[in-house]
Amino acid sequence: MLETVLDPAQPAPGVIVQGATGRAARRHVALMQGYGTPIRAGVSHRTDIAEVAGVPVFADCAAAVAATGARISVIMVPPLSVLAAMREALEAGIELLVTVTEGMPAHDALRAHALVAAAGARWIGASTPGLAVPGRMKLGFLPDIALAPGSLAVWSKSGTLSYECCLRLTRRGVGQSAWIGVGGDAVKGSRFSELVAPFRDHAPTRAVLMIGEIGGTEEEDLAETLQRTPIGKPVHALLAGAAAPEGQMMGHAGAIIDGTTGTLASKSAALTAAGVRVHARIDDLADALAAEHAGECP
Amino acid sequence: MLLLEHDAKTLMAARGVPVPDGTWLAEGAELALPCVLKAQLPAGSRGKAGGIRIVRDRAEAECARREIAALEIGGHRVAGLRAEALVTGARELYLGFAIDPARRAVRVMVSPEGGVDVETAGRAAMSVVHASPEPAALERACAQAAAGLPAPERAVLASAAPVLARCFLDLEAQLLEINPLFAHDDGSWVAGDVRLTCDENALPRQPAMAALIAARPGVYTGACFKMAHGYDFAVIDPDGEIGLVTTGAGLSMKIIDEMTAHGARPWNFCDIRSGQMRGDPARLVEILRRMAAAPGLRVVLVNIFAGVTDLDEFAALLLAARAEVPELTLPMVVRLVGNGQVAAEARLGAAGLALEPDLDRALALAAQIARPQAQPHA
């Protein structure tokens with residue numbers, strides 16, 4: 001289903017929003033619609049709200065999917081409810097789940113991943129601002145001001161750092177073929193290394209920008225995957241946390257240096273060895289990409 | 001976040017795990033000698049750093065108490081001492097459970113060579129099996145990992161595994177290591193040391209663990225702050241000059257990186273999560289109060305570029321917070337990008353605050369205010 005979303009030749013699949021009646025969700029249903037996302041329904045356990053931003057609200061996913069044929073769900077429910085919402089979505093036949101919620105417990109994420117794998121579905125998140133194919137749709141709350149069609153695939157652990165990078169890049173004429181927030185949790189639905197395959201043959205993508213950070217081994221695992229199965233396009237990287245003290249959790253559940261694991265040096269070395277260009281500053285990155293891709297976005 | 005051994009053992013004992021008799025050593029308290037004195041701090045390798053000492057008489061105990069209390073291990077000060085009964089005549093095994101984010105499974109680790117050598121001999125002898133986070137699966141994995149061991153060790157692990165697997169799952173640990181796991185000849189066992197890393201995201205449904213953490217704000221500083229205030233804040237350089245009011249973990253980290261690379265000294269890390277403020281300036285008031293009390297601060301940098309936040313509402317909250325914290329007289333550099341930016345600029349302008357739309361210029365401006373004599377970096 002991710003491939004369908006990424007393929008501009010295919011019709012955009014219908015989308016539901018679970019937790020659509022929440023304060024932030026109501027606003028973002030309207031913003032997503034405004035960007036062209038085909039939001040077909042909301043799902044909420046509140047029975048007093050019949051519609052949000054003009055789309056009908058159903059009591060459960062099964063009813064929403066039955067009525068609309070949607071195949072994608074953006075899940076905007078509280079952290080301890082994400083697992084149950086995902087189970088409900090999968091049972092209703094949803095094939096792509098985007099969970100924006102921050103604070104999902106790691107044991108829940110393990111169980112959620114097993115459910116997603118058993119259903120043959122794809123999960124982006126948790127703790128992600130979402131994903132977007134600029135000019136086509138956005139799932140989540142990536143800010144319009146930083147979105148522009150182009151040829152750069154952006155994969156990021158951090159929402160805000162990717163906003164900052166993409167804003168600067170769009171101002172210099174570099175837009176995105178796709179933008180996927182993998183999220184800042186340690187246990188997650190899609191890791192960087194798992195995006196290599198869907199983007200290898202993604203024609204609109206001519207280069208990749210990976211925005212990583214301290215903690216875990218996801219960047220190292222990406223480097224290993226790139227070495228083993230090259231993606232055939234230039235890969236650039238920006239890493240956050242050079243000045244982070246050891247043992248201090250830096251906002252994201254996964255962003256912590258534990259002994260020698262998760263350090264910036266380890267990530268930078270692994271990525272460089274895999275042929276990835278690692279940039280120190282946001283502006284260095286913008287300079288390098290603008291030199292290669294400026295003028296590709298309108 | 002790693003719990004203190006004492007706190008971890010409190011949780012484990014309540015779940016039926018045998019641990020040596022032990023107490024948190026109060027000032028001037030008498031010891032039942034001989035015993036082990038163990039430094040309590042959230043870091044590993046305490047034994048190698050001299051933080052664990054067997055004491056046999058009062059003189060030895062007094063000396064060890066003073067020396068341990070003065071230690072700093074892995075950047076952490078000793079928060080206290082646990083006095084524990086000696087365990088003798090037992091073999092030292094190792095049993096660990098850890099979340100493996102790459103495999104999305106639980107890594108079950110068994111070694112017959114536990115104790116302080118687990119990093120060397122123990123690692124070489126360690127057997128690892130992955131399993132799903134279910135009690136029966138973890139027990140099976142443990143039996144499989146122990147398959148090559150002699151029968152007495154296998155029996156002890158078979159008896160310990162169900163209890164410890166249940167602890168790992170019930171407490172939603174990221175890591176649970178029992179090292180050493182003391183194995184007696186009669187088949188009984190005792191958890192000699194417990195390393196338990198908690199998932200802060202699970203704390204809302206882990207009341208016992210949350211209570212232990214809340215009781216030690218001096219040790220679990222970041223977690224206590226987050227439980228009390230709902231966002232992340234940490235002082236990273238007590239003598240820092242630039243106070244940061246920022247949102248988003250990644251960009252907040254990168255701002256610190258870029259400032260530090262240019263010789264500027266950010267005082268804190270902060271991910272205020274401006275999208276969750278819901279019209280209440282409390283988060284800003286809290287952080288501005290802390291900044292007002294930080295002696296080295298010269299300037300406050302506000303950076304909000306968020307997908308969720310309405311910037312006009314944020315600007316109003318920032319002004320309200322400033323009014324509530326008049327003791328903060330430092331200059332403020334404000335950089336906002338996103339929904340409602342134009343209205344926010346007008347609102348801040350009316351209050352005499354200029355909005356700087358460019359991050360690099362905002363960083364340079366803050367650095368220049370902090371060190372007027374230095375060259376601007378951008």
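So that the names make sense, note that chain A is the first sequence line, chain B the second, and so on, each numbered from 1.
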Please classify the contact of [X] with chain B as side chain, backbone, both or neither, using a heavy-atom distance under 4.5 Å.
X	value
A:Ile211	neither
A:Ala117	neither
A:Ala24	side chain
A:Leu239	backbone
A:Glu164	both
A:Ile145	side chain

Among [options], who wins on heavy-atom pairs under 4.5 Å with chain B?
options	value
A:Ala243, A:Ala280, A:Gly159, A:Ser158	A:Ala243
A:Leu80, A:Ile214, A:Asp144	A:Leu80
A:Ala114, A:Gly189, A:Gly216	A:Gly189
A:Thr217, A:Leu31, A:Val187	A:Val187

Using heavy-atom distances under 4.5 Å, tell me whether [X] contacts chain A through its side chain, its backbone, both, or neither.
X	value
B:Ala105	backbone
B:Ala173	backbone
B:Ile255	neither
B:Ile256	both
B:Glu200	side chain
B:Arg273	side chain
B:Phe305	both

Contact winner vs chain A - [options], heavy-atom pairs under 4.5 Å:
options	result
B:Lys226, B:His76, B:Arg278, B:Gln276	B:Arg278
B:Asp257, B:Asp358, B:Leu2	B:Asp257
B:Asn303, B:Asp310, B:Leu169	B:Leu169

Nearest non-hydrogen partners of [X] and [Y], listed with the distance:
X	Y	value
B:Ala131	B:Leu138	CB-CD2, 3.9 Å
B:Phe97	B:Met109	N-CE, 4.1 Å
A:Ala146	A:Trp179	O-CZ3, 3.7 Å
A:Leu226	A:Ala274	CB-CB, 4.4 Å

(request) Check each of A:Arg191, A:Lys188, A:Glu218 against B:Pro101 using the side-chain contact (heavy atoms from CB on, under 4.5 Å) test, and report the only one that passes. (result)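 Testing each of A:Arg191, A:Lys188, A:Glu218 against B:Pro101, the sole residue satisfying side-chain contact (heavy atoms from CB on, under 4.5 Å) is A:Arg191.
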Atom [atom1] of [X] with >12 non-hydrogen neighbours under 6.0 angstrom:
X	atom1	answer
B:Arg103	CZ	no
B:Arg77	CZ	no
A:Arg27	CZ	yes
A:Arg23	CZ	yes

(request) Using a 4.5 Å cut-off on heavy atoms from C-beta on, say whether the side chain of B:Leu4 contacts that of B:Pro42. (result)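 Counting from C-beta outward, B:Pro42 and B:Leu4 do come under 4.5 Å.
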(request) Please confirm whether B:Phe168 and A:His107 have ring centers closer than 6.0 angstrom. (result)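 Yes, ring centres under 6.0 Å apart.
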(message) Please determine whether side chain to side chain donor-acceptor pair (under 3.5 Å) holds for the pair A:Glu224 and A:Ser193, giving the CA-CA distance in whole Å, both sets of side-chain angles, and the decisive distance to 0.1 Å.
(response) CA-CA 8 Å; A:Glu224 196 198 314; A:Ser193 58; over 6 Å; no
